[in-house]
Number of protein chains: 4
Amino acid sequence: MKKVSIGIIGAGRIGQLHASNILNSSLLQLIAISDVYTDHLKGTIYEQQVPIITNHSEELINNPEIDAIFICSSTDTHALYIKAAARAGKHIFCEKPVSFEIEETKEALQVVEEAGVKFQVGFNRRFDKHFRRVHEVVKSGKIGEPHIIKVSSRDPEAPPEEYVKRSGGMFMDMTIHDFDMVRYLSGSEVTEVSVNAANLVDPMFGTHGDVDTALITLTFENGAMAMIDNSRQAVYGYDQRVEVFGSNGVVSAENEAQTNVQIATKDSVELDHPKYFFLDRYKDAYVEEIKEFAEAILEDKPLTCSGEDGYKAELLALAAKRSWEEKRSVSLTEVNTVNI
Amino acid sequence: MKKVSIGIIGAGRIGQLHASNILNSSLLQLIAISDVYTDHLKGTIYEQQVPIITNHSEELINNPEIDAIFICSSTDTHALYIKAAARAGKHIFCEKPVSFEIEETKEALQVVEEAGVKFQVGFNRRFDKHFRRVHEVVKSGKIGEPHIIKVSSRDPEAPPEEYVKRSGGMFMDMTIHDFDMVRYLSGSEVTEVSVNAANLVDPMFGTHGDVDTALITLTFENGAMAMIDNSRQAVYGYDQRVEVFGSNGVVSAENEAQTNVQIATKDSVELDHPKYFFLDRYKDAYVEEIKEFAEAILEDKPLTCSGEDGYKAELLALAAKRSWEEKRSVSLTEVNTVNI
Amino acid sequence: MKKVSIGIIGAGRIGQLHASNILNSSLLQLIAISDVYTDHLKGTIYEQQVPIITNHSEELINNPEIDAIFICSSTDTHALYIKAAARAGKHIFCEKPVSFEIEETKEALQVVEEAGVKFQVGFNRRFDKHFRRVHEVVKSGKIGEPHIIKVSSRDPEAPPEEYVKRSGGMFMDMTIHDFDMVRYLSGSEVTEVSVNAANLVDPMFGTHGDVDTALITLTFENGAMAMIDNSRQAVYGYDQRVEVFGSNGVVSAENEAQTNVQIATKDSVELDHPKYFFLDRYKDAYVEEIKEFAEAILEDKPLTCSGEDGYKAELLALAAKRSWEEKRSVSLTEVNTVNI
Amino acid sequence: MKKVSIGIIGAGRIGQLHASNILNSSLLQLIAISDVYTDHLKGTIYEQQVPIITNHSEELINNPEIDAIFICSSTDTHALYIKAAARAGKHIFCEKPVSFEIEETKEALQVVEEAGVKFQVGFNRRFDKHFRRVHEVVKSGKIGEPHIIKVSSRDPEAPPEEYVKRSGGMFMDMTIHDFDMVRYLSGSEVTEVSVNAANLVDPMFGTHGDVDTALITLTFENGAMAMIDNSRQAVYGYDQRVEVFGSNGVVSAENEAQTNVQIATKDSVELDHPKYFFLDRYKDAYVEEIKEFAEAILEDKPLTCSGEDGYKAELLALAAKRSWEEKRSVSLTEVNTVNI
């Protein structure tokens with residue numbers, strides 16, 4: 001059976017995760033990895049099993065044996081690689097966000113469109129079995145018209161200061177997943193964003209002009225409302241829950257616990273903690289994500305999350321940032337200055 | 001043992017509930033009930049067991065054998081009865097809201113203060129064992145500083161149109177409980193209110209200028225934030241949940257199910273519905289509420305929810321209404337035109 | 001409305017519980033309480049509200065104003081009072097077990113039958129909303145033919161030695177409720193009993209020839225099997241769960257927790273304990289039990305648990321005891337030496 | 001890094017599962033597969049990725065490059081392959097049961113012991129994260145001395161008749177996992193077995209002298225008791241739960257649901273079904289099982305489940321069969337005619 005052959009640009013944590021999943025996949029084949037630094041790959045399974053390890057991304061982009069490029073490099077380089085890969089006729093899987101500048105994202109996606117290649121953005125949570133089931137239940141009409149969508153999304157621990165400096169801010173770095181999730185669950189487009197945020201977890205965030213705690217309210221075209229709550233630090237574990245309340249019912253997804261074990265003694269009745277790390281919580285989702293990318297290419301099917309989804313989530317992050325800065329509700333039309 | 005002797009003004013649904021609980025109480029004694037209509041009490045246990053049934057509230061207020069008055073009449077009459085009862089030296093239990101006009105509420109509470117009588121407002125949910133436990137856990141410091149408070153409060157079915165006309169609007173009638181709840185759980189005062197609301201359940205609400213669905217964001221003095229979500233119609237039952245997320249953990253209270261029974265077949269795995277009716281869900285809370293009122297009088301102890309709590313919840317309802325009308329965040333100082 | 005007027009024989013813990021529930025009931029009226037000792041009732045609500053408090057049970061049995069007798073005295077006196085009350089034409093509510101001797105039980109129930117009075121035995125768990133729902137689901141056929149029935153029944157703490165001496169042994173005193181429960185849930189009769197038991201909790205039980213831990217296997221006429229597990233001491237609370245597994249599914253009832261609160265911190269995820277005390281766990285069941293007794297009398301309806309149910313549970317306790325003593329499976333025909 | 005090189009004998013469902021997991025493992029390397037039939041492997045990843053596919057098991061056993069043999073053939077061939085592999089100095093992973101004849105098992109294990117090779121039996125459930133956690137909690141002493149151990153183990157659907165004919169009977173084929181589990185959880189040895197069983201699911205089982213439903217009671221050296229309940233058909237999914245109740249508390253493991261999604265409508269409150277298929281439920285356990293086998297070889301560590309564990313579970317299956325046939329409790333000394 002034909003496999004989709006892959007080159008990965010960027011061999012950091014997420015690049016290595018995809019590399020590992022591709023090596024175990026029956027639909028994808030890993031041909032090459034490029035990174036400006038490759039010393040850390042010495043002696044790893046990547047060196048042993050990946051034919052090409054290089055410091056030059058052009059080697060991947062110009063390699064006729066490579067069908068698709070995974071862009072896992074730092075966000076400020078995404079647009080450049082997207083355009084180069086698209087022009088070389090490669091399909092593209094790009095980590096989120098597409099870029100920090102909405103104009104840049106627009107331009108990159110236009111090149112993609114002109115090239116006619118597949119483009120998937122890395123919103124892994126759409127491939128989580130729990131959230132996908134919620135999405136399907138909403139879509140089936142079982143709970144009627146959606147009225148209220150709630151997303152709790154809290155990281156187990158704050159990222160290091162170096163990361164915060166380059167993250168683009170909490171809305172662009174972390175909440176962007178939740179912006180995509182409310183679009184995915186509601187099946188409708190956001191018209192307005194209103195943010196209440198604060199720096200409660202660690203003053204470090206504030207020194208970089210960032211927040212670490214937020215309540216974000218969104219209004220949708222179909223009349224529904226959504227509320228996202230974020231924290232950079234949930235000491236009890238990675239907290240990832242959603243709920244969609246509608247005219248005929250409610251559907252929700254709880255956290256995955258580390259085990260289903262319960263212990264009761266005189267002093268306490270204890271359950272196990274939620275999974276702590278995102279690579280653990282979304283382990284299967286990351287596998288499913290690239291499997292569906294491969295299938296979309298092999299069978300020429302539409303993608304589960306497209307460039308447009310990446311673009312719209314970025315718009316929401318921009319609107320949220322402006323809402324926070326200007327202490328007012330922001331309409332999507334205010335930030336959506338370009339058409340796509 | 002000395003019992004607190006009670007007269008109830010208003011023999012509607014909530015008045016009868018209190019009457020029934022007082023009849024079963026070992027701390028309170030029901031001496032009299034007054035209502036403009038009393039025909040519906042004929043042949044009931046109230047007629048059989050309550051010495052005085054009258055159409056004249058003065059008979060209660062002037063009765064020297066009565067220690068305390070329960071005000072369960074329509075909201076527009078509350079202030080009048082509060083003042084009369086306070087001036088007669090009676091302790092007062094008053095259903096929520098104290099009044100529809102904040103100036104009126106203020107004036108009534110001033111009379112209460114001058115009279116030196118006890119005054120409790122009917123925020124029954126403070127006496128619910130689940131919410132009380134959440135309150136205690138927060139207060140204990142176990143979850144650290146509160147950052148995000150979430151209250152889901154959804155009625156099982158929409159009230160009749162006649163009720164909606166006189167309800168004072170969803171914020172004053174229904175959300176007022178949730179406004180009190182976020183104050184109870186946070187242990188801090190709200191500084192700002194921002195509302196996103198809509199008429200999604202039934203156009204009838206809109207014809208009376210009311211909403212039926214809302215997301216309400218609140219900011220507290222201590223830096224915490226809260227989110228209330230409301231719907232007038234949760235078809236699966238009375239949905240009453242809270243969560244307080246803090247620097248050291250999270251505490252939450254789930255709905256009470258009708259039974260703890262689970263049924264699994266080839267087709268489904270089913271749990272029982274949440275309790276459907278507020279009198280069922282808060283049955284024990286209503287009993288506890290009047291027990292603590294009696295104890296506060298008998299032992300001259302402070303009340304769990306005071307006139308000030310009633311006043312502040314009304315302020316929040318006013319701020320919410322203004323936020324909704326003016327589509328902007330409203331500071332409490334804008335509506336709090338009076339000092340208490 | 002006519003109420004059923006009641007006399008209670010035996011004013012210990014369970015007698016007082018029924019007295020209190022009758023005082024709060026709209027269907028029953030408490031006329032008299034008798035006990036050999038009545039000093040402990042001085043100054044209580046019973047003295048204040050019950051017209052007759054006496055040391056002579058005949059005053060109740062011969063009182064023409066009394067419709068029904070509650071027998072809450074020590075088990076060795078039950079048969080005597082049953083026969084006297086039946087002959088006086090009183091309906092009877094009798095605490096479990098009917099007696100310690102199966103012949104005595106038979107004889108008492110025959111007198112009841114001849115007198116044509118109602119007789120209810122105090123298997124309060126049949127009136128628990130959770131177990132009743134399980135019973136109804138099984139009866140509805142939703143889970144098909146019952147194959148395996150499981151009952152976990154564990155007390156929170158061991159009874160005092162004085163009680164153990166007079167209890168009739170764990171099977172007669174504690175497991176008797178579970179024997180009734182498996183009959184109630186299966187809708188079939190037991191044919192065989194096999195016991196595995198031990199003295200693991202406290203050597204005190206062993207010194208009185210009793211056990212404190214048991215696994216009891218039962219076979220039913222309809223082919224189903226049941227397993228009861230008992231312990232005299234579950235340090236985490238009163239553990240009362242059932243499960244019925246059948247050809248088309250499974251239905252189960254979990255414990256009631258003290259609250260539905262969950263607390264998650266870095267160190268633990270905690271739920272609340274199960275209700276600890278049987279009066280707390282079965283509070284509503286005790287109310288429902290006497291309500292249905294009253295209705296059966298007022299409307300001449302059949303009882304939910306009859307003398308026959310009491311008799312059959314005793315047979316099972318006897319069979320269990322013999323199985324334990326003789327280390328073998330015991331057929332019900334071996335102990336059922338009398339017909340009823 | 002050195003990998004353990006593997007040859008698999010038997011390419012049926014379980015053999016292919018191990019083959020697939022070995023191909024994805026960083027500790028094991030799949031050199032060869034043998035089976036009497038190999039046509040079904042044509043065109044699969046096994047043909048593509050496994051160097052040797054043969055009909056002759058000797059090719060594996062005599063291959064000096066192979067460190068360990070996985071025996072996944074039919075049970076009646078296990079002992080033969082065990083002895084041959086052990087004599088060739090290969091480590092052995094053998095599926096359960098070791099054999100159908102306890103003498104044969106004993107003999108095979110003696111050859112293993114003399115050869116000094118590692119021998120692991122395929123009790124995959126010991127590697128399930130939920131059950132392992134329960135085991136660890138018991139071992140930690142947190143719940144005190146174990147008193148009652150409960151194992152629910154029900155297959156989602158009955159096996160085909162062809163399988164039933166060769167399965168060795170329910171106790172040897174299915175319950176053997178549960179016999180191992182109660183030993184694993186209790187940390188003690190069984191002294192006595194008592195079985196109550198029936199043919200309730202499908203008469204087909206009865207025609208082959210087998211049962212499909214059972215309650216099995218076990219007594220342990222340390223005084224604890226266990227109860228296993230089995231059914232060949234739980235229509236709602238694969239039901240795999242355990243509970244250990246002890247002097248200081250209780251620990252239990254619930255089923256894994258397919259998702260953590262809950263749907264509430266007017267008609268029902270629904271959860272997702274338990275995982276249906278054993279390969280789904282124990283997916284991670286099968287991976288962990290071979291990982292620990294590899295580590296035991298590479299680091300010369302003791303195994304989590306040894307030949308002795310396989311032997312003892314078989315003894316329990318024999319005792320259960322005899323208990324069922326002779327309708328009496330059977331002591332382990334009656335079946336344990338050999339020493340190991």
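Every chain is numbered from 1, with letters handed out A, B, ... down the list of sequences. Quick caveat, the model's predicted, so the values are computed rather than measured.
Taken to the nearest 0.5 Å, the CD atom of A:Gln48 stands 10.0 Å off from the OG atom of D:Ser26.
Residue A:Glu145 places its CD atom among 12 or fewer non-hydrogen atoms of other residues, nucleotides or ligands, all under 6.0 Å distant. The environment of A:Glu65 atom CD is sparse: at most 12 non-hydrogen atoms of other residues, nucleotides or ligands sit within 6.0 angstrom.
Within the 3.5 Å criterion, the main-chain N or O of D:Val261 finds no donor-acceptor partner in the side chain of A:His130.
Proximity to chain D (any heavy atom under 4.5 Å) is restricted, for A:Gln258, to the backbone atoms N, CA, C and O. Only the backbone of D:Asn255 has a heavy atom closer than 4.5 Å to any heavy atom of chain A. Heavy atoms closer than 4.5 Å to chain D are found in the backbone of A:Asn248, but not in its side chain. For D:Val137, the part lying near chain A is the side chain, with the backbone staying farther off; criterion is any non-hydrogen pair under 4.5 Å. Looking at A:Lys129, both its backbone and its side chain come within 4.5 Å of chain D, counting heavy atoms on both sides.
Of the listed residues (A:Ala264, A:Ala253, A:Gly43), the greatest number of heavy-atom pairs within a distance under 4.5 Å of chain D belongs to A:Ala264. With chain D as partner, the option from A:Thr265, A:Asp128, A:Val251, A:Val250 having the largest number of non-hydrogen pairs under 4.5 angstrom is A:Val250. If you tally non-hydrogen atom pairs under 4.5 Å between each of A:Gly144, A:Gly249, A:Ser252 and chain D, the highest count goes to A:Ser252.
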Verdict with reasoning, A:Lys142 to D:Glu270, per side chain to side chain contact (heavy atoms under 4.5 Å, CB included): CA-CA 12 Å; A:Lys142 187 160 187 173; D:Glu270 280 181 65; 3.2 Å; yes

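Side chains of D:Glu256 and A:Glu256 form no contact here, defined as non-hydrogen atoms less than 4.5 Å apart. Side-chain contact between A:Arg133 and D:Ile263 is present, with at least one heavy-atom pair separated by less than 4.5 Å.
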